[in-house]
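Shown next, in structure tokens, is the structure this report addresses.
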Amino acid sequence: MNIETIIQKATIEAVKTLYGAEVNENQVQVQNTRKEVSGDITIVVFPFLRLSRKSPELTAEDLGTYLADKVDLVDSFSVIKGFLNLEISKDYWLDVLTESYNDKNFGYKQTTDESKLVMIEYSSPNTNKPLHLGHIRNNLLGYSISEIVKANGNKVVKTNIVNDRGIHICKSMYAWQQWGNGETPETSGMKGDHLVGKYYVEFDKHFKAEIVELVESGLSKEEAENQAPSIIAARELLRKWEAKDAETVELWKTMNTWVYAGFDVTYKTLGVDFDKIYYESDTYLIGKDEVLRGLKEGTFYQKEDNSVWADLSGDGLDQKILLRSDGTSVYMTQDIGTAKMRFNDYPIDKMVYVVGNEQNYHFQVLANLLDKLGYSWGKDLFHFSYGMVELPSGKMKSREGTVVDADDLVEGMIKVAREMSAELGKLELQSEKEAEETFRMIALGALKYFILKVDPRKNMMFNPEESIDFNGNTGPFIQYTYARIQSVLRKATDRNITIDASREVKNLEVKEKELLKRISLFPAAIQEAGENYSPAIIANYCYELVKEFNQFYHDHHILGEQDADKMNFRLVLAESVGKVIQRAMSLLGIEMPERM
RNA sequence: GGCCCCAUAGUUCAACGGAUAGAAUAGCAGUUUCCUAAACUGUAGAUAUGGGUUCGAUUCCCGUUGGGGCUACCA
């Protein structure tokens, strides 16, 4: 049991004994004592004034006396206004050190037979264009959340629903047919997803030109958008695809294969993976069946043009189309089918969708529709809604080419890492091959940390011009600290110093205790991150620990220490910090270089 | 028009309703005989606006202003 919980329970007891009143856990605010103030754990006593009918100071005095007396771990206390600051005994902090040093799973909860099965959907790309910065945030969040949910003792199935069919693919297909001259990834030397994306842009170019022409000839913009020859051709391809026209399906397969090969490279670079991949081409028919069932049962209704709709106005939502007038299915139809298929495949306790907040409405509607179709789990779907990545120039639009390409971005950052290392004269530390691997780790560490350290729910600003910092509150800063710890440990080994974690410790210095306090918070950070679905909490935790360590490291020359016991203790401490950093960062999918 | 989200130093981000609103960057001023200076230390700088709720509000509620999203027979 961690110290906060112990203090909280003891305080509830204290209030009961002293004032004869019951208080619940929410009323007992236990927090870490501010650094400027002496003490380790602070209790806010304002909520108890009503019960004690005394001043804040006297109330705190009462509680402090009681706790110091009854709780072994509380050595002493001090009172500042309505804040009761408790001094926790040395033994507690040393126990934390022993645990973090010896327990490989320090901070993680193990899965058991009772563990919940959480399915987490993320990435979910369209197969008509390469991944961009927005997808990067999605992928990094999805992967990290999966790791965090796992660390909280759940079973996790990472899943990806590939939007491999639909009008968008048909646009690329049509453009390739028209203007591609048989170009392939092999003949062009382009990565498959980039090649297909090129034709998506090509389509839009022609489409826009046609609209301009039609509008000039007197049509309204809306009419023009519906009558442009290229969109009619794309729709025809979609219809043929759904009718299983051999030639169309063949082209579709070919182009998707190119795209998958490209995606695989990008996923590998980003270090994300999946346990189960679904394809909409497999699930949309199930969704269609479900919609038709709903129509038959009177849940949905059909318009004169044969399109099928749901009327959700009774639930504060709108009319929603589920099947087009030509009978083809839309995004929502597919999501219904995918959900059904998943719940058939797995005993899912909780379904999490990692999808941008622009789709908040979509998921409200989806949950509502599944509920109407009679699925009890419909209401329990959790949309992990993250904010958009904004550029200084505004929103990214792939059709207009104003996107930051994922592959280009990573490549550019590796280049920056390489140049920066050369500039700092770090290249001699390792062989060329190892160095290249380190640059990769640093570049990805910078990118991942930059994106994951911000509250996922909020929109964030990303300026590719300024690239990403390698100094300050960044991934490389944390990696660098880790590398220095490893360096100290290597040097200790070189000098034949053995590290003994069981040796007795006489006294704790302030900075040492500060570090132990930080380490002790790791399990709580993981839990909080899990409850809030927020990698940012882990990033923040890790940064505080690292900063604390850097100050310590600067002030205390571990290997220059004369007292052998003290040196040993500090080595144990350093190694422990390194382990915690490594575990924390692995929850963000960030690798730690041994040297940099 | 309707619905939803956001607003904190020059900039990018923090702050379960709790102590003097924290960091990082950019600026200025310093620290390398010493385990990696991608480090450390000092300095200056912010809650858009008007009300309300209470012991206490950046946080909760209402209004105003400014920004973003959704409101597709796109996905």
Side-chain angles (χ1 to χ4, degrees), chain A residues 26 29-31 33-34 36-37 42 44-47 49-50 56 80-83 85 124-128 163 165-169 171 225-226 235 280 303 305-309 316-318 321-326 328-332 334-335 356-362 364 385 387-388 390 394-395 399 417 420-421 423-426 429 442 450 453-455 457-463 466 469-474 476-477 479-481 483-492 495 528 532 536 540 543-544 547 550-551 553-561 570-571 574 595-596:
Chain A
N26 294 331
Q29 295 175 44
V30 179
Q31 49 191 244
T33 305
R34 296 174 65 105
E36 314 84 62
V37 183
T42 294
V44 184
V45 302
F46 290 106
L49 300 186
R50 210 167 31 85
I80 301 175
K81 289 192 270 184
F83 299 91
N85 303 315
S124 310
N126 292 347
T127 58
N128 62 325
N163 303 311
R165 44 134 273 131
I167 190 74
H168 51 295
I169 318 295
K171 288 178 182 175
E225 279 170 0
N226 273 311
R235 284 198 189 125
E280 279 192 352
K303 285 192 179 173
D305 62 3
N306 282 330
S307 56
V308 178
W309 295 73
L317 301 168
D318 230 322
I321 188 158
L322 299 174
L323 288 178
R324 295 192 187 93
S325 49
D326 62 4
T328 57
S329 47
V330 295
Y331 179 38
M332 188 62 74
Q334 295 158 186
D335 259 4
N357 64 12
E358 55 196 343
Q359 292 190 38
N360 286 354
Y361 183 73
H362 173 82
Q364 267 183 45
S385 164
M388 322 220 303
E390 286 161 1
K395 204 193 167 181
R399 266 171 296 191
M420 193 93 79
S421 296
E423 206 173 298
L424 293 169
K426 303 263 182 187
L429 289 172
I442 294 171
F450 184 87
K453 79 172 175 187
V454 321
D455 184 337
R457 291 175 290 265
K458 289 191 177 170
N459 288 1
M460 65 180 290
M461 175 60 72
F462 186 96
N463 189 344
E466 292 169 12
D469 281 340
F470 289 70
N471 298 317
N473 185 2
T474 65
F477 172 68
Q479 289 171 319
Y480 176 62
T481 304
R484 290 208 295 188
I485 290 173
Q486 302 317 306
S487 173
V488 171
L489 297 175
R490 277 195 301 271
K491 287 227 159 65
R495 296 179 194 178
E528 198 188 337
N532 294 294
N540 200 39
Y543 176 64
E544 294 294 337
K547 215 167 95 171
N550 264 305
Q551 291 164 4
Y553 181 89
H554 190 262
D555 296 343
H556 302 83
H557 292 269
I558 300 174
L559 294 178
E561 176 59 49
R570 287 181 177 165
L571 283 166
R595 302 162 208 264
M596 69 180 271

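Letters A, B, ... mirror the listed sequences (proteins, then strands); counts begin at 1.
- The side chain of Asp318(A) lies closest to U71(B) when the candidates are U20(B), U71(B), G18(B).
- Only the P atoms considered, G66(B) is 16 Å distant from U8(B), to the nearest whole Å.
- Considering every non-hydrogen atom in both Asn357(A) and Gly387(A), the closest pair reads ND2-CA, 3.5 Å.
- Going from the C1' atom of C35(B) to that of C28(B) covers 31 Å, rounded to whole Å.
- Glycosidic conformation of U32(B): syn, with the torsion inside 90° of 0.
- Residues Tyr553(A) and Thr481(A) are not in side-chain contact: their nearest non-hydrogen atoms beyond the backbone lie 4.5 Å or more apart.
- Taking the ring centroids of Tyr480(A) and Phe470(A), they lie at or beyond the 6.0 Å cut-off.
- Using a 4.0 Å heavy-atom cutoff across all strands shown, Leu323(A) reaches no nucleic acid atom at all.
- For the pair Met420(A) CE and A37(B) P, the computed distance is 17 Å after rounding to whole Å.
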For nucleotides 10-14 of chain B, which of its nitrogen or oxygen atoms have a protein nitrogen or oxygen under 3.5 Å away, and what is each distance?
from   : atom 1 : to        : atom 2 : distance (Å)
C13(B) : OP1    : Met461(A) : N      : 2.6
A14(B) : OP1    : Asp455(A) : N      : 2.6

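- Regarding Trp309(A), its CH2 atom lies at a distance of 8 Å from the P atom of A72(B), rounded to whole Å.
- Spacing between C4(B) and G42(B) at atom C1', rounded to whole Å, works out to 46 Å.
- Comparing the C1' positions of C16(B) and U59(B) gives a spacing of 10 Å, expressed to the nearest Å.
- Separating the P atom of A72(B) from that of U64(B) is a span of 26 Å, rounded to the nearest Å.
- Annotation for Glu423(A): atom CD does not count as buried by contact number, only 12 or fewer foreign heavy atoms lying within 6.0 Å.
- Atom C1' of nucleotide C74(B) and atom CG of Asn226(A) are separated by 12 Å, given to the nearest angstrom.
- In the set A19(B), A75(B), C35(B), the nucleotide with an atom closest to the side chain of Tyr553(A) is C35(B).
- Taking the side chain of Asn471(A) as heavy atoms from C-beta on, and the options C74(B), G69(B), A39(B), the nearest nucleotide is A39(B).
- In RNA chain B, the stems built from three or more successive Watson-Crick or G-U pairs (distances below 3.5 Å) are B:1-7 with B:65-71, B:10-13 with B:22-25, B:27-31 with B:39-43, B:48-52 with B:60-64.
- Using a 4.5 Å cut-off on side-chain heavy atoms (C-beta onward), Ile167(A) and Arg235(A) make contact.
- As rounded to whole Å, 14 Å separates atom C1' of A57(B) from atom CD of Gln29(A).
- Side-chain contact between Leu317(A) and Gln364(A) is present, with heavy atoms from C-beta onward closer than 4.5 Å.
- Separating the CZ atom of Arg457(A) from the C1' atom of U59(B) is a distance of 13 Å, rounded to the nearest angstrom.
- Ranked by how close their nearest RNA chain B nucleotide is to the 5' end, Phe83(A) and Ser329(A) are led by Phe83(A).
- The side chain of Ile558(A) approaches C35(B) more closely than any other nucleotide in the set A19(B), C35(B), C74(B).
- At a cut-off of 3.5 angstrom, the base of A24(B) holds no donor-acceptor pair with the side chain of Thr474(A).
- The side chain of Arg34(A) contributes no N or O atom lying less than 4.0 Å from OP1 or OP2 of A21(B).
- The aromatic rings of Phe83(A) and Phe46(A) sit perpendicular, their planes meeting at an angle over 60°, well past the 30° parallel limit.
- Salt bridge annotation for Arg324(A)-Asp326(A): absent, with no cationic side-chain nitrogen under 4.0 angstrom from a carboxylate oxygen.
- Side chain of His168(A), nearest nucleotide from A75(B), G69(B), C16(B): A75(B).
- Within 4.0 Å of Thr328(A), counting heavy atoms only, lies no atom of the nucleic acid at all.
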Short heteroatom pairs, N/O only, protein and nucleotides 40-44 of chain B, under 3.5 Å:
from   : atom 1 : to        : atom 2 : distance (Å)
C40(B) : O2'    : His554(A) : ND1    : 3.2
U41(B) : OP1    : Gln551(A) : NE2    : 3.2

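- For the OP1/OP2 pair of G56(B) and a distance below 4.0 Å, the side-chain nitrogens and oxygens of Lys81(A) include no atom meeting the criterion.
- Asn85(A) comes within 4.0 angstrom of a nucleotide base, judged by non-hydrogen atoms across all strands.
- Taking side-chain N and O atoms only, Arg324(A) has a distance below 4.0 Å to OP1 or OP2 of C74(B).
- The distance between atom CD1 of Ile80(A) and atom P of A19(B), rounded to the nearest whole Å, is 12 Å.
- Candidate nucleotides U20(B), G69(B), A75(B) were compared by shortest atom distance to the side chain of Val330(A), and A75(B) ranks first.
- Comparing A38(B), U36(B), G18(B) by their nearest atom to the side chain of Phe46(A) picks out G18(B).
- Counting only heavy atoms from C-beta outward, the side chains of Asn163(A) and His168(A) approach each other to under 4.5 Å.
- Spacing of P atoms, A21(B) relative to A57(B), comes out at 13 Å, to the nearest Å.
- Place Thr33(A) and Val30(A) on RNA chain B by their nearest nucleotides, and Val30(A) ends up nearer the 5' end.
- We find that CG of Asp469(A) is positioned 11 Å from C1' of A38(B), with the value rounded to whole Å.
- Distance from the side chain of Gln334(A) is smallest to A75(B) among U36(B), G68(B), A75(B).
- No contact: Thr481(A) has no heavy atom under 4.0 Å from any strand.
- Across U58(B) and C13(B), the matching C1' atoms stand 15 Å from one another, rounded to whole Å.
- Note on Glu36(A): nothing from the nucleic acid sits closer than 4.0 angstrom, heavy atoms only.
- Of the listed nucleotides (A24(B), C74(B), C35(B)), C35(B) has the atom at the smallest distance from the side chain of Val488(A).
- Checking U36(B), A19(B), A72(B) against the side-chain heavy atoms of Ile321(A) singles out A72(B) as nearest.
- For the side-chain contact (heavy atoms from CB on, under 4.5 Å) with Thr42(A), the qualifying choice from Val30(A), Val37(A), Asn85(A), Ile80(A) is Asn85(A), the only one to do so.
- The same atom, C1', is picked in A38(B) and in U32(B); the two are 15 Å apart, to the nearest Å.
- If you check every strand for non-hydrogen atoms under 4.0 Å, Ala492(A) touches nothing.
- Taking the side chain as every heavy atom from C-beta outward, Arg595(A) and Gln486(A) never approach each other to under 4.5 Å.
- Phe470(A) places its CZ atom 17 Å from the C1' atom of A39(B), with the value rounded to the nearest Å.
- An OP1 or OP2 oxygen of A38(B) is reached within less than 4.0 angstrom by a side-chain nitrogen or oxygen of Tyr480(A).
- At U36(B), one or more side-chain N or O atoms of Ser487(A) fall inside 4.0 Å of OP1 or OP2 (strictly under the cut-off).
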